[in-house]
Amino acid sequence: MSFHECGGNVGDDVCIPLPHWVAEIGRSNPDIFFTDREGRRNTECLSWGIDKERVLRGRTAVEVYFDFMRSFRVEFNEFFEDGIISMVEVGLGPCGELRYPSCPVKYGWRYPGIGEFQCYDQYMLKSLRKAAEMRGHSFWARGPDNAGSYSSHPHETGFFCDEGDYDGYYGRFFLNWYSQLLINHGDLVLSLAKLAFEGSCIAAKLPGIHWWYKTSSHAAELTAGFYNPCNRDGYIAIAAMLHKHGAALNFACAELQFLEQLEDLQEALANPQGLVWQVLNAAWEACITVVSENAFVCHDRVGYNKILENVKPVNDPDGRHFSSFTYLRLTPLLMERQNFMEFERFVKRMHGEAVLYLQV
């Protein structure tokens, strides 16, 4: 269930915008979109500030999402009844992922930039003002003014540097509010998805933001909405929210932990393996189903073996493994004879027993 625009990001070669009628409303009321500190609007998806605001021709954003899901369920009823559709992944943000659109390429973000907070539309600012007033500190009703720009590095900013403002009284208040909005959005949309697709499995997708993981602030995760600095686990609350709705976690991490050797990851103080371990642990502890997909194009046996090692680990003492895997994607290159033979071998091994030795 895609409630986001496709196009304009890394790897996108198509453009599928939001529906025309939504764009029309956005022209007269651009605050329906996420907005950065400079006032630039991001039209990838609707701001969570309007989840409960009747600004879409008399409907709230979550009512629009629910109507779409219910209509889909009715239209394709026979596919659900016959078990052809076995799981529905529910879009919760840009690229269908539960995150803020903190790293838009069109506004100058380049890896390994920390991204920017997306909380400057009038509806999110209203929520921030309310939260600040409830804390008795109305002057906290603002975003950080020293958090750098899209392609900044943490040490270049006063907010994200070691012992920076992110861990002060105001910083903790702001990050708690910002991350809670992300969890509230997922909670609300998944509760309606569960209603619309009663009896079917639902899933939510989480990104693997691994750059700057080895720093104290985890800046790139913070701007994306994951309150996960070195002294706080930001994924436990998300896993608990998914468990509440019986939703599976789709974590596109099948090869992440094997990227350590890449030079740009070392420069970005990235830790894909640490992130994978943390997110999966939160998921297993919450007893939720984990599914995955590949984040990078793969046609060779070495790459397939790495995916198999992660999806079907041999040495897990509790026998934990992913429940399903989505391969991206069907292309003419995949259909070339040698590539398809390797793919066929990969599929057979995915459906077989865990292999003790994955020979290259």
Side-chain angles (χ1 to χ4, degrees), residues 1-4 6 16 18-19 22 45-46 48 50-52 56 58-99 181-207 235-254 279-294 311-312 318-330 347 350-352:
M1 299 288 103
S2 296
F3 303 123
H4 64 279
C6 179
I16 306 171
L18 295 183
V22 174
C45 58
L46 297 174
W48 303 333
I50 65 165
D51 276 357
K52 296 180 179 179
L56 300 175
R59 290 185 293 170
T60 67
V62 291
E63 285 172 347
V64 169
Y65 305 147
F66 177 67
D67 289 346
F68 179 87
M69 291 187 286
R70 183 173 55 183
S71 175
F72 184 91
R73 177 62 182 81
V74 170
E75 182 68 23
F76 294 98
N77 179 60
E78 62 184 280
F79 291 161
F80 283 93
E81 296 298 321
D82 295 344
I84 294 169
I85 296 176
S86 58
M87 180 178 281
V88 180
E89 184 171 290
V90 182
L92 297 174
C95 302
E97 298 170 336
L98 179 60
R99 64 174 174 88
L181 249 58
L182 172 139
I183 293 170
N184 292 348
H185 172 73
D187 188 30
L188 197 53
V189 176
L190 289 179
S191 68
L192 295 174
K194 193 176 177 183
L195 199 60
F197 299 114
E198 189 177 0
S200 299
C201 294
I202 59 173
K205 187 176 179 181
L206 219 59
Y235 296 101
I236 289 176
I238 293 170
M241 181 269 291
L242 295 177
H243 175 74
K244 173 184 171 184
H245 301 294
L249 166 65
N250 180 3
F251 189 43
C253 67
V279 173
L280 292 185
N281 258 9
W284 302 135
E285 287 297 315
C287 300
I288 57 178
T289 299
V290 179
V291 302
S292 190
E293 60 189 47
N294 51 307
V311 172
K312 301 181 67 173
D318 301 306
R320 299 176 300 194
H321 58 86
F322 290 25
S323 295
S324 67
F325 180 81
T326 301
Y327 177 80
L328 302 176
R329 73 179 26 120
L330 179 60
V347 171
M350 186 67 86
H351 283 273

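Just so you know, these numbers use all the heavy atoms, side chains as well, and skip hydrogens, waters and symmetry mates.
- P19 places a side-chain heavy atom less than 4.5 Å from the side chain of V22.
- Between L46 atom CG and L18 atom CG the span is 6.0 Å, to the nearest 0.5 Å.
- Closest approach of W284 to V290, counting heavy atoms only: CZ3-CG2, 3.7 Å.
- Shown here for S86 and C201, the closest heavy-atom pair between the two residues is O-CB, 3.7 Å.
- Relative orientation of the F72 and F76 rings is tilted, given thresholds of 30° and 60° on the angle between their planes.
- Under a 3.5 Å cut-off, the side chain of K205 and the backbone N or O of G93 do not form any donor-acceptor pair.
- S324 OG to N250 CG: the interatomic distance, rounded to the nearest 0.5 Å, is 7.5 Å.
- Listed for the H4 side chain is no donor-acceptor partner under 3.5 Å among the backbone atoms of C45.
- In this structure the side chain of I238 reaches within 4.5 angstrom of the side chain of L98, judged on heavy atoms.
- Using a cutoff of 4.0 Å between basic side-chain nitrogens and carboxylate oxygens, E81 and R73 are scored as salt-bridged.
- By the ring-ring contact (aromatic ring centres under 6.0 Å, His included) test, F68 is found to be paired with F3, residues two or more places apart in sequence or in another chain being considered.
- The main-chain N or O of T60 is found under 3.5 Å from a side-chain atom of E63 such that the two form a donor-acceptor pair.
- Interatomic distance, S191 OG to F66 CZ, rounded to the nearest 0.5 Å: 9.5 Å.
- Residues F322 and L280 form a side-chain contact, since some pair of their non-hydrogen atoms from C-beta on lies under 4.5 Å apart.
- A donor-acceptor pair is defined here as one N or O able to donate and one able to accept, closer than 3.5 Å; no such pair exists between the side chain of H321 and the backbone of V311.
- Annotation: side chain of Y65 is in contact with side chain of V189 (closest heavy-atom distance under 4.5 Å).
- The aromatic rings of W48 and H185 lie parallel to each other, their planes meeting at an angle below 30°, with 60° marking the opposite boundary.
- You'll find the side chain of K244 stays beyond 4.5 Å of the side chain of L190, heavy atoms only.
- Shortest non-hydrogen contact noted between T289 and S323 is CG2-OG, 3.1 Å.
- Note: N281 CG to R320 CZ = 6.0 Å, rounded to the nearest 0.5 Å.
- Minimum interatomic distance between N294 and T326 (heavy atoms only, all atoms of both residues): OD1-O, 3.3 Å.
- When all heavy atoms are compared, the tightest approach of P207 to R99 is CG-CD, 3.7 Å.
- For the atom pair CE of M241 and CG of L188, the computed distance is 10.5 Å after rounding to the nearest 0.5 Å.
- Rounding to the nearest 0.5 Å gives a distance of 9.5 Å between CG of D187 and CG of L242.
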Would V90 and L192 count as a side-chain contact (heavy atoms from CB on, under 4.5 Å) if you check the C-alpha gap in whole Å, the side-chain angles of each, and the deciding distance to 0.1 Å? CA-CA 10 Å; V90 182; L192 295 174; over 6 Å; no

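- When all heavy atoms of L92 and A204 are compared, the pair lying nearest together is CD1-CB, 3.6 Å.
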